[in-house]
2 protein chains.
Amino acid sequence: MAVHVLAVLAYKEGDRVTSALLAASVNTNPVIVRRLLLALQRAKLVETGKGAGSGSRLSRSPGHINLAQVYRAVEDVEPFATPSRKPNAACPVGHCIRETLDKVFASAQAALERDLEKTTLAGVISAVKASGVCARKKVD
Amino acid sequence: MAVHVLAVLAYKEGDRVTSALLAASVNTNPVIVRRLLLALQRAKLVETGKGAGSGSRLSRSPGHINLAQVYRAVEDVEPFATPSRKPNAACPVGHCIRETLDKVFASAQAALERDLEKTTLAGVISAVKASGVCARKKVD
DNA sequence: AATTAAGTAACTTCAGTGATTACATTTGTC
DNA sequence: GACAAATGTAATCACTGAAGTTACTTAATT
């Protein structure tokens with residue numbers, strides 16, 4: 001959803017876009033978009049103005065925004081679930097497993113983010129534009 | 001939790017372990033462990049017998065089980081949330097964004113799994129055993 | 001001043017996960 | 001064969017997090 005919003009902003013390069021219009025593209029509620037935009041503002045990816053005729057726009061060019069930045073801006077939760085209950089400390093495995101796995105998972109998450117870094121918002125836009133099946137009617 | 005269970009099984013090499021004992025280490029309910037074991041059985045990572053004196057054990061040596069296999073066995077959901085509502089097809093971005101992002105996310109997930117492949121269950125066990133702080137009392 | 005749009009709080013809805021209980025089924029042992 | 005031990009499995013509940021919704025406040029433009 002965050003990438004979708006940013007893609008729309010990139011699409012209308014520089015123009016201010018209201019949360020209502022973004023919400024229409026994502027097909028959701030403007031408030032959801034605004035909450036999302038707050039996270040993106042904190043990450044300095046978008047600038048949002050208030051008042052009439054205002055809205056949001058990218059704070060950098062689409063080529064200088066990659067999906068890892070978007071991921072970090074939005075995804076505050078760890079991808080790997082940490083169990084609610086603590087393991088049994090009396091068990092030799094249970095006692096130490098958590099900190100061991102934390103390292104493994106941190107490494108995996110870093111690998112994931114490194115991959116996301118390879119894709120910029122500009123790349124997403126050109127992929128969207130290139131997928132011509134979207135723009136054209138199906139020919140028989 | 002899956003790694004924890006498998007680590008305990010690796011710890012007691014070859015011995016059959018009951019779901020009740022595994023549940024005690026993870027500090028959860030035996031039924032939860034059994035449901036987890038079903039997924040691990042399907043992935044051919046453990047063998048489980050029924051009846052008295054039975055239980056589960058690894059179906060391969062810990063050195064031949066890596067965390068990517070565990071991840072695939074257990075994690076049936078995609079790590080990236082796909083919005084419940086479909087984007088607005090009338091919007092040029094909304095119309096195509098989904099399939100574009102699917103590719104990006106598949107690549108990121110592949111990167112994540114490649115990283116997890118590098119860690120075997122044997123590696124987890126030796127890391128757990130090596131973290132001596134667990135076995136010793138704090139000597140301030 | 002009026003209008004437009006974001007910021008934000010409060011509430012509801014919904015899905016996923018873990019937890020719990022209960023029961024059927026299978027296996028090993030006496 | 002009877003009994004005990006252990007899994008398979010269904011039904012139900014509680015909890016959590018995300019999305020959605022409504023409503024109100026605040027700020028900026030005209």
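Here the structure is a predicted model, which is why all the values come from computation and not from measurement. Proteins come first, then strands; the chains are lettered A, B, ... in the order of their sequence lines, and each starts at number 1.
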Trainee: Could you tell me the separation between the CG atom of A:L36 and the P atom of D:dG20, rounded to a whole number of Å?
Mentor: 11 Å
Trainee: My understanding is that only residues two or more places apart in sequence, or in another chain, count here; which of them pass salt bridge (Lys or Arg N to Asp or Glu O under 4.0 Å) with A:K50?
Mentor: none
Trainee: If you assign B:A52 and A:N29 each to the DNA chain D nucleotide with the nearest heavy atom, which residue ends up on the more 5' nucleotide?
Mentor: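 It is B:A52, whose closest nucleotide lies nearer the 5' terminus.
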Trainee: Base, sugar-phosphate, or nothing: which does B:S56 touch, judged by heavy atoms less than 4.0 Å apart?
Mentor: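 If one applies the 4.0 Å heavy-atom cut-off, B:S56 turns out to touch nothing in the nucleic acid.
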Trainee: According to side-chain contact (heavy atoms from CB on, under 4.5 Å), who are the partners of A:A7, at least two apart in sequence or on a separate chain?
Mentor: A:I125, B:V93, B:I97
Trainee: Residues two or more places apart in sequence or in another chain: which of them pass side-chain contact (heavy atoms from CB on, under 4.5 Å) with A:A110?
Mentor: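 Here the qualifying residues are A:R114.
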Trainee: Any side-chain heavy-atom pair from B:L45 and B:R60 closer than 4.5 angstrom?
Mentor: yes
Trainee: Using a 4.0 Å cut-off to any heavy atom of chain A, which nucleotides of DNA chain C are the first and last in contact, reading 5' to 3'?
Mentor: C:dT4 to C:dT20
Trainee: For every nucleotide of nucleotides 8-13 of chain D, 5' to 3': is a protein heavy atom under 4.0 Å from its base (B), only from its sugar-phosphate (S), or from neither (-)?
Mentor: BBBB--
Trainee: Phosphate oxygens OP1/OP2 of D:dT7: is one of them under 4.0 Å from a side-chain N or O of B:S54?
Mentor: no
Trainee: Under the side-chain contact (heavy atoms from CB on, under 4.5 Å) rule, collect the residues that match up with A:R72, sequence neighbours excluded.
Mentor: A:A68, A:Q69, A:E113, A:E117
Trainee: By nearest heavy atom, map A:G49 and A:T28 onto DNA chain D; which one lands nearer the 5' end?
Mentor: A:T28
Trainee: Looking at residues at least two apart in the chain, or sitting in another chain, which of them share a side-chain contact (heavy atoms from CB on, under 4.5 Å) with A:V17?
Mentor: A:L9, A:K12, A:L21, A:L22
Trainee: Mind checking ring-ring contact (aromatic ring centres under 6.0 Å, His included) for B:Y11 and listing every partner two or more places apart, or none if nothing turns up?
Mentor: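 For B:Y11 there are no ring-ring contact (aromatic ring centres under 6.0 Å, His included) partners, ignoring immediate neighbours.
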Trainee: Throw together a table of side-chain donor-acceptor distances under 3.5 angstrom for residues 31-43 of chain B, partners on residues two or more places apart or in other chains.
Mentor:
from  : atom 1 : to    : atom 2 : distance (Å)
B:R34 : NE     : B:S19 : OG     : 3.2
B:Q41 : NE2    : B:T48 : OG1    : 3.0

